[in-house]
Amino acid sequence: MHPPQHKPRRPPGASTVHLSPGDGDTVLECLCSRFPAVSRDTWKERMQRGRVLDAAWEPLAMHAPVRDGLCVHYFREVIHEPRIPVTETVLYADAHLLVADKPHFLPVMPAGRFVEETLLTRLRRRMGHPDLVPLHRIDRATAGLVLFSVNASSRAAYQALFRERRIVKSYEALAAPLHQQAFPQIYRSRLVRGEPFFRMREEEGRPNSETHIAVLERGPDLWRYALTPVTGRTHQLRVHMAALGAPILHDRWYPQLQPEADDDHAHPLQLLARTLEFVDPLNGQPRVWHSQRQLLPID
């Protein structure tokens, strides 16, 4: 009897690409062709340090030949990646799920200038779960709850909660009073990509986004709103509040894009993913978590 074959564990922070001879004859040539923004010398240096691996997680030589569909794992790296001086909190973890309470300014996933300084990379290292996968995302500027899958065997069951809208995500936001509006209310609109590409805008047409809005607390200059998105469009809550005439406090993207600047940790976006609630598809038990983070007082 042959000994059991164990699947190699995925190291934290690894990305995967499949190469073909059309991109070049060697692994190095293919990587340079597929990722022209990364210099040839950078790829050579990464490969010399064992940061480019084959399907078995073994280092690849620069001049290794390429066959169609060759699986290559690599590690994205950003030179001089800025440290984000905030700390995430793990509220819950079991064999299937992990619930993290994310601070403002920390991205959920590697993107752009952030690779190591992301919630996913930090948690993979901290918890020893290289296969950790976020089941949804919130903006880098938003704080609050993010649900992760720990176990690939049960992942699809939890992903279905989001796809079938069987999970309730509740947010809190601080914004200007809307004395002329009736609450609670439902706001619907059609959201499409705007300019620049990372912003969203409303246009005429059939609505594809829906948010339930209520008022939790009324202050003289700010109100505390409860926002429950029925759909999950990018920046949906931020666009909807701005469209109502009460952009979320310290929002630098809506209604007008402000000049790029360093993170202002004294004035974070006042938007918090407060609650996650659903019936667990594995055991039928109700699940509910609340963020321990707080927005500003309004009085």
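Please read all numbers here as calculations on a predicted model, not as lab measurements.
A distance of 12.0 Å separates CH2 of W289 from OG1 of T275, quoted to the nearest 0.5 Å. The CZ atom of R140 sits 5.5 Å away from atom CD1 of I84, with the distance rounded to the nearest 0.5 Å. Between atom CG of residue L120 and atom CZ of residue R125 there is a gap of 10.5 Å, rounded to the nearest 0.5 Å. Here the CZ-CG distance, from R51 to L60, works out to 14.0 Å after rounding to the nearest 0.5 Å. Taking CZ from R274 and CD from E172, the interatomic distance works out to 4.0 Å, rounded to the nearest 0.5 Å. We find the CZ-OG1 distance between R126 and T121 to be 14.0 Å, quoted to the nearest 0.5 Å.
Between W223 and H179, the two ring planes are perpendicular [angle over 60°; tilted spans 30° to 60°]. Ring geometry, F278 versus Y158: the interplanar angle exceeds 60°, so the pair is classed perpendicular (tilted spans 30 to 60°). Between H265 and F105, the angle of the ring planes lies from 30° to 60°, which puts this pair in the tilted group.
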Exercise for review: Go through R67 and L70 one step at a time and tell me if the side chain to side chain contact (heavy atoms under 4.5 Å, CB included) criterion holds.
Suggested key: CA-CA 6 Å; R67 65 179 184 279; L70 177 67; 3.3 Å; yes
Check your understanding: Yes or no on side chain to side chain contact (heavy atoms under 4.5 Å, CB included) for F198 and T234, after CA distance, side-chain angles and deciding distance?
Key -> CA-CA 9 Å; F198 52 81; T234 300; over 6 Å; no
Check your understanding: Where do V230 and R165 land on the side chain to side chain contact (heavy atoms under 4.5 Å, CB included) test, with the steps shown first?
Key -> CA-CA 7 Å; V230 176; R165 299 180 183 175; 4.1 Å; yes
Practice item. Just do the salt bridge (Lys or Arg N to Asp or Glu O under 4.0 Å) check on R252 and E260 with the steps written out, would you? Key: CA-CA 9 Å; R252 297 185 56 81; E260 186 174 355; over 6 Å; no
Exercise for review: Test H96 against D280 for side chain to side chain contact (heavy atoms under 4.5 Å, CB included), laying out the working first.
Suggested key: CA-CA 11 Å; H96 299 280; D280 195 304; over 6 Å; no
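The two residues L191 and R233 make their nearest non-hydrogen contact at CD1-CB, 3.8 Å. For the residue pair S20 and V66, the shortest heavy atom distance occurs at C-CG1, 3.7 Å. Of all the heavy atoms in A141 and L269, the pair that sits closest is O-CB, 3.6 Å. Nearest heavy atom pair, residue P177 against residue G219, reads CG-O, 4.5 Å. Contact record, P247 with A175: O-CB, 3.5 Å, taken as the closest heavy-atom pair.
Counting only distance, with no hydrogens or angles, the side chain of R34 and the backbone of H18 share a donor-acceptor pair below 3.5 Å. Panel note: side chain R224, backbone L296; a donor-acceptor pair is recorded below 3.5 Å. Remark: the backbone N or O of L132 is paired with a side-chain donor or acceptor of R124 at under 3.5 angstrom. S291 places a side-chain N or O within 3.5 Å of a backbone atom of R293 that can act as its donor or acceptor partner. Listed for the E58 side chain is no donor-acceptor partner under 3.5 Å among the backbone atoms of D54. Although no hydrogens or angles enter the test, the distance criterion places no donor-acceptor pair under 3.5 Å between the side chain of S170 and the main chain of T228. In this structure, R46 contributes its side chain and V52 its backbone to no donor-acceptor pair below 3.5 Å. A distance-only check finds no donor-acceptor pair linking the side chain of H63 to the backbone of T26 [under 3.5 Å]. A donor-acceptor distance shorter than 3.5 angstrom exists from the side chain of R199 to the backbone of W253, with no hydrogens or angles considered. Side-chain atoms of E210 do not come within 3.5 Å of backbone N or O of N208 as any donor-acceptor pair.
No more than 12 heavy atoms of other residues, nucleotides or ligands sit less than 6.0 Å from atom CZ of R137. D94 CG: more than 12 foreign heavy atoms inside a 6.0 Å radius. Enclosure of atom CD in E164 by more than 12 non-hydrogen atoms of other residues, nucleotides or ligands within 6.0 angstrom is indicated. Taking a 6.0 Å sphere around CD of E203, one finds it holds more than 12 heavy atoms contributed by other residues, nucleotides or ligands.
S149 and R155 are linked by a side-chain donor-acceptor pair at a separation below 3.5 angstrom, with hydrogens and angles left out of the test. Donor-acceptor pairing under 3.5 Å is recorded for the side chains of Y254 and H235.
Between R190 and E204 no salt bridge is recorded (no basic side-chain N to carboxylate O distance below 4.0 Å). Contact check on E88 versus K102 returns no salt bridge, with no Lys/Arg side-chain nitrogen under 4.0 Å from an Asp/Glu carboxylate oxygen.
Two residues are said to be in side-chain contact when any heavy atoms from C-beta on lie closer than 4.5 Å; R287 and L147 fail this criterion. R201 has its side chain out of reach of V239: every pair of non-hydrogen atoms, C-beta onward, lies at least 4.5 Å apart. Side-chain contact between K169 and L276 is present, with heavy atoms from C-beta onward closer than 4.5 Å. Counting only heavy atoms from C-beta outward, the side chains of L135 and F148 never approach each other to under 4.5 Å.
Residues L271 and L178 share a single hydrophobic cluster, defined by chaining ILVMFWY side chains whose heavy atoms lie under 4.5 Å apart. In the hydrophobic clustering of ILVMFWY residues, with side-chain heavy atoms under 4.5 Å counting as a link, V86 and L272 come out apart. A continuous path of Ile, Leu, Val, Met, Phe, Trp and Tyr side chains, each step under 4.5 Å between heavy atoms, connects L227 with Y187, placing both in one hydrophobic cluster.
Exactly one residue among Q236, R193, R238 makes a side-chain contact (heavy atoms from CB on, under 4.5 Å) with M200. That residue is R193.
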